[in-house]
Each structure stands twice: as C-alpha cells, then as structure tokens.
Engineer: 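Below you'll find the structure I mean.
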Amino acid sequence: MVFSNREVVSIHLGQAGAQLASTTWECYNWEHKIKNDGSLQDYKIGDDDNCFHTFFCESQTGKFVPRAILVDTEPTVIDSLEDFSQLKF
C-alpha cells in the first residue's frame, strides 16, 4: 500500500452535489487510468505517476476507491447513483 503526503476528500451535498460527484469521479477515473471496477488499466503501481492516491484509497483487494462522501436527506437521490459504476467499487 502506498501512502501519499496529500489526500483529498470530496464532500457532495444534496441532489446537485450527488450528480456533480458522478461526473467528477468519472473524469478522475479517466484521468488517472482507473477502470470502472476500481482496477488500473495498463498501468502498474510504481510507474512514473501515481498521484491517483491523492483522490483514491487502495482497498485490501487492490481496488481504488474514491475518497468521497455523498450526503442527501432524500435517499432516492443517492440510491439512483448506486448503478453508476464509477462510484460502485
């Protein structure tokens, strides 16, 4: 497990925040070459750029999980994102 000197935790509030989170994390996955299942695509840990640890936490199974908190008082908003693969690792 690699630890970074910097970590970013995103907090998304309400329906707009949850929808923004889905788009934001889709972009982070693409930028850091992380597949929808949380694994790296054609990239090995220890290569020249591993700054994805700033935005993602590596699980015990080797998957990369977004450092994000989504909060909404209406449960259907968050439930609708459960099918969104970028947030479901």
Side-chain angles (χ1 to χ4, degrees):
M1 183 177 283
V2 176
F3 294 97
S4 175
N5 292 335
R6 56 192 170 155
E7 296 176 352
V8 174
V9 177
S10 299
I11 301 173
H12 306 276
L13 303 173
Q15 181 175 1
Q19 291 171 341
L20 181 63
S22 67
T23 303
T24 301
W25 287 102
E26 181 180 4
C27 291
Y28 287 166
N29 284 354
W30 175 80
E31 181 178 342
H32 297 290
K33 299 181 175 95
I34 296 177
K35 296 180 191 176
N36 291 346
D37 66 355
S39 62
L40 295 173
Q41 38 177 288
D42 302 329
Y43 193 78
K44 304 289 182 220
I45 293 177
D47 281 353
D48 59 344
D49 179 21
N50 64 0
C51 64
F52 49 81
H53 288 285
T54 301
F55 298 102
F56 295 89
C57 179
E58 187 175 3
S59 71
Q60 292 177 346
T61 60
K63 303 288 181 170
F64 290 92
V65 181
R67 297 179 193 274
I69 300 170
L70 283 74
V71 178
D72 197 333
T73 57
E74 177 60 41
T76 57
V77 173
I78 304 297
D79 290 344
S80 68
L81 294 178
E82 284 186 4
D83 293 331
F84 191 77
S85 57
Q86 279 76 10
L87 299 175
K88 189 176 178 184
F89 295 153

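Note that the structure is predicted; figures quoted are calculated from it, not measured.
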Engineer: Taking the hydrophobic residues Ile, Leu, Val, Met, Phe, Trp and Tyr, and joining any pair whose side-chain heavy atoms are under 4.5 Å apart, which ones share a cluster with W30?
Structural biologist: none
Engineer: Check which hydrophobic residues are tied to I11 through side-chain heavy-atom contacts below 4.5 Å, counting indirect links as well, and list them.
Structural biologist: V9, L13, I69, V71
Engineer: side-chain contact (heavy atoms from CB on, under 4.5 Å) with L20: which residues, sequence neighbours excluded?
Structural biologist: T24
Engineer: For A68 and H12, which heavy atoms make the closest approach, and how far apart are they?
Structural biologist: CB-CD2, 4.4 Å
Engineer: Using every non-hydrogen atom in the two residues, find where A21 and L70 come nearest and quote the distance to one decimal.
Structural biologist: CB-CD2, 4.1 Å
Engineer: With sequence neighbours excluded, tell me which residues meet side-chain contact (heavy atoms from CB on, under 4.5 Å) with T61.
Structural biologist: S59, K63
Engineer: Taking the side chain as everything from C-beta on, heavy atoms only, tell me whether F55 gets closer than 4.5 Å to W25.
Structural biologist: yes
Engineer: Using the test side chain to side chain donor-acceptor pair (under 3.5 Å), find all partners of S39 that sit at least two apart in sequence or belong to another chain.
Structural biologist: D37
Engineer: Let me confirm one number: the NZ-CD distance from K33 to Q41, rounded to the nearest 0.5 Å.
Structural biologist: 8.0 Å
Engineer: Do you know which two heavy atoms are closest between R67 and F56, and how far apart they sit?
Structural biologist: NH2-O, 3.3 Å
Engineer: What residues form a side chain to side chain donor-acceptor pair (under 3.5 Å) with Q15, not counting sequence neighbours?
Structural biologist: none
Engineer: Rounded to the nearest 0.5 Å, what separation is found between the NE2 atom of H32 and the OG1 atom of T54?
Structural biologist: 7.5 Å
Engineer: List for me each residue that meets side chain to side chain donor-acceptor pair (under 3.5 Å) alongside T76, sequence neighbours excluded, and say none if there are none.
Structural biologist: E74
